[in-house]
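Counting convention: from 1, in listed order, for ligands and their atoms alike. Only a predicted model underlies this, so the values are computations on that prediction, with no experimental measurement involved.
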Amino acid sequence: MAQIAGKKHARSDSQTHDDYVQVQNQLRHPSTKRAKQIDADPPYDQLEAILKKTRRNVKTRNVLHWFRSKDIRQEDNKGLHAASQKAKEGGGSLISMYLFSPKDMEWHGTSPARSDFILECLRILKGQLEEKNIPVAIITAEERGNKTDKVMQFAKENDVSHIFANMEYEVDELRRDVDLAKKVQKEDDISLDVLHDQTVIVPGSLCTGAGGPHKVFTRYYNDWLAITKKKPKLIDTCPPPEGNDKSMKQAHQKLFDTTIPGLPESKQFGSDKERDQIRKLWPAGNKAGMQRHADFLKHKITKYADNRSEAALDPSSRLSPYFSSGIVSVREILRNTQKFNGGKDFASGDAGVVSWVREIVFREFYRQVTVITPHTSMNLPQNLKFDFVHWEDDEEGWKKWCEGRTGIPFIDAGIRQLNAEAYMHNRLRMNTASYLRANYLIDYRIGQQWEMLAQSSEEGGDFDGNAAEHVMAHLTDEHARLDVNAALFA
Ligand SMILES: Cc1cc2nc3c(=O)[nH]c(=O)nc-3n(C[C@H](O)[C@H](O)[C@H](O)COP(=O)(O)OP(=O)(O)OC[C@H]3O[C@@H](n4cnc5c(N)ncnc54)[C@H](O)[C@@H]3O)c2cc1C
């Protein structure tokens, strides 16, 4: 179970008072007044505006792709592909880096399972790219405040003319990129481009007839279906990067020599056994993710619509950690899914496929929500009035909930699944979240923070916040439809 303070993994047996205090501290957020100001001048718009000035025509020297924790793959990676093309056209070399920021892992409440998954995926990627003579340099930012200085220093030391990266849509990450762009702007001979890679449709771009971006899922979904039908090229994929000449290794040995860091003190597993169990459940790397999808197509997807809410059947893909760290490309996954569905568009064919793709669109919709209402990635509910709800300060209730001791078998089973697997079935997520909120009257964000600290996937605070808010709004309907499957408790 989630033990946050100290160096134990987030799922030991006891829950301390310190943990409770720390989870509450994780709920830092701006005032609702400030949130409205941020929404009125979103960091996404600021970045888009400044990028127009930093995408420059400079003579190609070395070209850098900066991997983030959301695009750790060489397959169909838009930023990496663009960097590779630029290097090829201009006769430069392709280099890449990953900025390791232990303090960000603390700040964002990243779980040990997810932290380890990211580093293991990075290890695989580093091996793959080095076979092509492309270095993946691991640079450590000791402080949150010096990340962009580190990147600029790296770019200058390695004679980089072009920096490429894929966009992350949360406020903290966008502000980091705005900061980097400002620094690049001061240089004459460096260009910066940040591309859209996480989704099929660029977040913020699906608009209503009146011109503003969609805020209602059903309308967003219908437009998403229509546009992907009309423009099937949207799910075209790009090839992995071409390799560098062999001489790259001698010339830049130092970059190849950097190593994958160990987990920070506070992100350690309780034991090697526990780490091995989690790694077995969530094998690292693109190949493992694609295999998981292939198995899902073969064995489960056609029954997905019927079985999706049956927690005991394990009916879903279990791809969320692979999506959230960009280990698999959503375009490649959709292409393979479409092929399985006889090439039909995403509204036709097998009912299971249609139903599963709808969830992928949900994922895209939440990216759009993050972009248009940025405060949702800052520990604030989408509807700001919920920030004024008076919650109970019930430490004992919270402890029972996160130890799986509420006495309600379905709820406790969900928490036990999370503690054992660093993952919880969607139905159980809904019910455990609503139990905390409706029965204990505890701020759902405390539960959300704790779940993030325990799970293998984490789509960002915004995603969780919206999901939890959804739970608040639609609880009654969902309960009415719920068919509790006793097998889960066996
Ligand atoms: C309270 C609550 C908290 C949640 N927190 C997270 C979270 O932190 N991280 C996370 O990835 N998902 C979260 N979800 C959504 C969903 O529960 C998980 O994505 C899903 O259970 C992951 O399992 P899967 O990959 O087998 O999903 P599948 O059912 O196979 O779905 C495929 C993919 O679609 C996306 N998806 C599925 N359901 C949703 C949804 N409701 N909204 C948006 N996208 C969806 C995910 O990327 C998922 O991997 C949450 C849901 C609730 C109700």
Side-chain angles (χ1 to χ4, degrees), residues 70 108-111 113-114 117 170 198-200 203 217 220-221 224 281-282 289 292-293 295-297 299-301 303-311 313-330 333-334 337 346 352-370 376-377 381 401 411 414-415 417-418 421-438 444-475 478-479 482:
K70 298 197 185 79
H108 294 147
T110 310
S111 69
R114 178 164 149 84
F117 184 68
E170 295 82 5
Q198 275 188 43
T199 51
V200 174
F217 175 70
Y220 178 92
Y221 175 55
W224 190 98
L281 278 169
W282 308 104
R292 183 163 285 216
H293 181 238
D295 292 344
F296 175 66
L297 291 179
H299 301 295
K300 292 184 183 173
I301 197 166
K303 298 184 213 101
Y304 184 80
D306 294 335
N307 292 347
R308 177 166 187 262
S309 287
E310 296 289 338
L313 294 180
D314 197 17
S316 63
S317 69
R318 288 184 174 243
L319 277 169
S320 52
Y322 299 85
F323 278 128
S324 59
S325 298
I327 311 307
V328 294
S329 142
V330 69
I333 290 286
L334 285 173
T337 306
F346 294 117
V353 172
V354 173
S355 165
W356 191 70
V357 171
R358 191 171 181 275
E359 297 308 318
I360 303 293
V361 184
F362 243 120
R363 177 180 172 273
E364 305 231 335
F365 174 66
Y366 280 125
R367 293 292 176 287
Q368 166 134 326
V369 172
T370 306
T376 52
S377 70
W401 182 81
I411 303 303
I415 298 293
Q417 180 178 32
L418 182 65
E421 300 182 13
Y423 169 86
M424 203 195 295
H425 182 278
N426 182 60
R427 166 57 53 205
L428 292 164
R429 288 182 204 234
M430 298 194 88
N431 286 273
T432 52
S434 61
Y435 192 81
L436 185 77
R437 192 261 327 159
Y444 68 88
R445 288 171 293 187
I446 294 184
Q448 168 198 333
Q449 285 299 332
W450 181 79
E451 282 196 11
M452 281 167 75
L453 280 158
Q455 70 178 338
S456 50
S457 70
E458 171 205 314
E459 295 276 15
D462 157 72
F463 183 80
D464 273 344
N466 281 307
E469 200 169 356
H470 176 82
V471 167
M472 291 178 72
H474 299 285
L475 184 62
E478 293 292 344
H479 268 316
L482 181 61

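At a threshold of 4.5 Å between non-hydrogen side-chain atoms, the residues Y444 and P381 count as touching.
Using a 4.0 Å cut-off to heavy atoms of Y304, the atoms of ligand 1 that qualify are 28 (P), 29 (O), 31 (O). Per-residue contacts place S317 under 4.0 angstrom from the following atoms of ligand 1 (heavy atoms of the residue considered): 24 (P), 25 (O), 26 (O), 28 (P), 30 (O), 32 (C). Of all atoms in ligand 1, listed by their number and element, those nearer than 4.0 Å to a heavy atom of R308 are 38 (N). Near R318, with a cut-off below 4.0 Å to any heavy atom, the atoms of ligand 1 are 24 (P), 25 (O), 26 (O). In the vicinity of N426, heavy-atom distances shorter than 4.0 Å reach the ligand 1 atoms 15 (C), 16 (C), 17 (O), 21 (O), 51 (C), 53 (C).
Of the candidates F362, F365, F346, W224 forms a ring-ring contact (aromatic ring centres under 6.0 Å, His included) with just one, namely F346.
With a heavy-atom cut-off of 4.0 Å, F296 does not touch ligand 1 at all. With a 4.0 Å cut-off on non-hydrogen atoms, F365 does not touch ligand 1 at all.
Ligand 1 has at least one atom lying under 4.0 Å from a heavy atom of W356. By the 4.0 Å heavy-atom criterion, Y322 is excluded from the residues contacting ligand 1. Residue contacts with ligand 1: Y423 is included, with a non-hydrogen atom under 4.0 Å away.
Taking CD1 of I415 as the start and CG of N431 as the end, the distance is 11.0 Å to the nearest 0.5 Å.
Ring geometry for W356 against F323 counts as tilted: the plane angle lies between 30° and 60°, on a 0 to 90° scale. Ring geometry for W282 versus Y322: interplanar angle of 30 to 60°, hence tilted.
Using a 4.0 Å cut-off between charged nitrogen and carboxylate oxygen, R318 and E421 count as a salt-bridge pair.
Note: an N/O pair closer than 3.5 Å links S320 and ligand 1 by distance alone.
With R429, E359, M430 as candidates, the residue nearest to atom 4 (C) of ligand 1 on a non-hydrogen basis is R429.
Of all the heavy atoms in S324 and K70, the pair that sits closest is O-CG, 3.6 Å. Scanning all heavy atoms of the two residues, the minimum distance from P315 to K300 falls at O-CD, 3.8 Å.
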